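Some notes on the structure that comes next.
Lettering of chains follows the sequences in order, A, B, ..., and the numbering in each one begins at 1. What you see is a predicted model; the values in this text were computed from it and never measured.
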Amino acid sequence: MTTDENDLTQCIREVLFSFGQLSVELDALGDTDNLFNAGMTSHANVTVMLGLESRLGIQFPDHMLQRRTFESIASIRGALGELLPQIEPV
Amino acid sequence: MTATPVWFGSTKRPLLGWFHTPDAGHARAGVVICPPLGREYLRSQYALRLLAEGLASRGLCAFRFDYDGTGDSSGDERDPGRVAAWIESVTSALALVRRSAVPAVAAVGMRLGATFAAMAARQQGDLDALVLWDPVFSGRAYLAEQRAMSALSFGVPSTQEDGSVEAPGTLFDAATVRDLQALTFPCPSEPLARQMLVLTRSDPSPSQLFSRPDLVNARWEDAPGQAALLDVASPWQVLPHQTIQKIADWLSQASSAAPRPVQIPDRAGAAIVSGNGSHPAVVETPMFVGPVGLFGILSEVSERVTGPTVLFVSVANQHRIGPNRLWVDLARRWAGAGVRSFRFDLSGVGDSPVRWPGQPPFVSWAPEAFDDVMDAARALVPSDPSDVVLIGHSASGYQVLDSALQLVPRGVVSINPVMCFRPPELAAGRPLDRRRRSVLAHPEMVAAFQGRPQPSAPPTRRSELVWRGQMLLSPRRRSSSWLGRLVESGVDVLLVCGGHDGRPIRLGTTARRVRNLSRTGLCRFEHLDELEHGLMISSQRLHVAQMVTDHVLGRFGPDRSEECRVSPSDRRVVPRGPEVPACISEVAQRSSSGQALTTGSGGIGVTT
């Protein structure tokens with residue numbers, strides 16, 4: 001993982017910590033663990049998405065507004081990789 | 001305290017509101033309560049009723065209302081100029097309250113209702129007090145949230161090709177989207193009101209992502225309980241009593257004028273809510289019916305029509321407008337076609353009272369619903385209460401089926417019925433109500449099938465086995481049993497079910513049994529695999545509306561009602577009809593959003 005990817009992962013984790021309302025400790029969650037199984041509700045999913053948009057100054061396009069985009073830290077990082085040109089797609 | 005429904009605003013587009021007045025008929029102030037929109041409107045209706053009652057009990061007059069094109073007011077979401085019409089509705093409500101001669105005027109708004117209240121306050125400039133309850137400070141942010149909610153919760157494309165945006169429970173057309181995006185919260189240098197309270201959520205929510213506007217003279221506090229009210233699906237919401245009390249107390253303290261007698265407009269009579277030169281005028285009349293005074297609205301045209309009366313039953317713990325206002329749309333459309341209908345609140349929900357002092361309000365699947373349906377039928381058709389068609393969705397989709405076994409109506413339409421739940425009387429330690437003949441209340445089944453993460457989640461092998469095992473233990477509660485009893489009684493049955501909601505019915509019968517019942521011409525099962533439970537997706541809602549309209553007008557419309565009619569004395573004789581009604585479409589329907597709705601009429605994928 002590059003430094004940029006590390007920064008992005010850290011950013012995702014911070015947003016999840018603030019808005020994810022997870023029922024498990026975030027530190028115990030791996031990058032590929034399912035966030036919905038970890039307690040993220042639809043409402044929390046929306047807040048996480050908006051939190052990422054606000055934090056990174058981006059807008060998720062319609063085709064990315066799917067549950068599978070937000071099902072894990074890795075999948076979110078993959079989507080952001082497509083939106084942020086300085087990050088290589090994962 | 002008294003609660004009085006009134007029509008107000010333009011006579012061409014009347015709006016429905018409720019005056020709540022103190023017992024003495026004197027008030028220290030009048031408070032206009034501005035609701036949210038869409039799904040938030042549905043979820044907050046009872047909480048706002050409680051707020052109005054709390055204000056009246058403190059000596060204030062409260063006025064609740066529905067914006068133009070929402071709730072029971074005239075118009076609909078497809079009309080032009082929505083945002084301007086919503087703000088104008090607030091202005092009209094404020095004007096009505098001023099005319100009631102109260103010594104001071106205040107407003108409370110929740111979510112977008114707070115934004116509209118603030119805009120009206122800025123226009124008029126003389127509000128004594130203003131409460132902003134979880135306000136929307138940016139129309140653009142609100143749209144982004146709603147768009148994401150639809151896409152992530154229901155998997156629908158959030159922005160349509162024509163620029164409209166799918167929000168949960170409503171569709172904003174392109175012009176409304178533009179107007180909402182341009183909507184900004186007014187922050188004038190002068191205070192919006194002489195006193196102002198702003199209540200915001202402290203839990204993680206989208207509103208925390210945006211900075212607070214600089215509101216002059218505002219006091220900021222938390223709004224506890226907002227997540228449990230707005231973010232939780234019916235019927236699992238929790239009413240925010242603490243916040244309601246906080247608002248009522250604050251407004252009471254802010255209103256120091258001496259009480260004055262309030263001049264309430266006359267109770268709402270009949271009003272023309274739609275129709276023009278080419279379409280008959282649809283007249284709606286708010287009514288209290290039966291011994292306990294259940295509240296509902298009668299829709300009809302002025303000409304005498306024949307045929308049964310349609311009873312739309314309120315859904316779960318929500319009020320009478322149906323799933324995302326479907327009952328209102330259907331009632332007006334069918335009235336124009338000559339079918340009379342009554343949409344009403346079951347006891348303890350919406351604007352109906354409880355039946356007895358200890359009855360818990362705001363409860364789904366209450367056993368009192370059996371008496372409520374009977375009372376409504378007796379009140380609307382005293383000469384033959386069975387000359388009705390019962391229509392319900394979700395919890396009331398179940399209720400109309402079980403009430404049909406009791407009432408033996410002309411027909412029953414059940415959309416996404418919830419057949420598996422824990423009845424409240426069991427939860428309270430009382431025995432199961434004897435009138436419940438189709439509910440599957442075994443705790444294991446309820447746990448397996450109500451605690452699902454997504455209503456549309458595909459059935460697992462294990463859960464199918466649980467179903468089948470329980471079906472064997474409850475032979476009289478199997479759908480083959482109660483469907484057979486309904487059809488043998490001469491009741492015309494239409495079931496419209498999504499994949500998940502249809503499982504208790506599919507697994508409780510066999511394909512052969514359903515085919516045999518369909519051959520009578522009285523039983524029709526529409527299994528729409530992708531149908532979302534709450535009818536939150538506009539294209540699906542339109543599809544179901546058309547399907548149910550074709551069915552009801554085809555069977556019970558003025559042109560058909562007499563030839564289809566089975567006299568009460570003959571109800572036990574099964575009439576023979578066409579094997580498959582002409583209006584059934586066998587082809588897969590594709591919704592306007594591109595989502596496939598797989599239609600299977602009668603033929604259910606059931607293994608024997």
statement: Among B/A227, B/S205, B/A144, the residue with the most heavy-atom pairs under 4.5 Å to chain A is B/S205

- line: d(B/L152 CG, A/R68 CZ) to nearest 0.5 Å is 12.0 Å

- prompt: What's the spacing between B/D203 CG and A/H43 NE2 if we round to 0.5 Å?
  reply: 10.5 Å

- request: Step through the shown structure and confirm whether more than 12 heavy atoms of other residues, nucleotides or ligands are within 6.0 Å of CD on B/E221.
  value: yes

query: What part of A/Q66 gets closer than 4.5 Å to chain B, counting heavy atoms only: side chain, backbone, both or neither?
result: backbone

query: Which heavy atom of B/A148 sits nearest a heavy atom of A/L65, and at what distance?
result: CA-CD1, 4.4 Å

query: By a 4.5 Å heavy-atom criterion (distance strictly below it), what part of A/S54 contacts chain B: side chain, backbone, both, or neither?
result: side chain

task: Please check if atom CG in B/D214 has more than 12 non-hydrogen atoms from other residues, nucleotides or ligands closer than 6.0 Å.
output: no

- prompt: Between A/T69, A/L50, A/N45, A/D62, which has the largest tally of heavy atom pairs under 4.5 Å with chain B?
  reply: A/D62

query: Can you tell me how far CE of A/M49 sits from CZ of B/R147, rounded to the nearest 0.5 angstrom?
result: 6.0 Å

- request: Check each atom of A/F70 against the heavy atoms of chain B and say whether the ones under 4.5 Å are side chain, backbone, both or neither.
  value: side chain

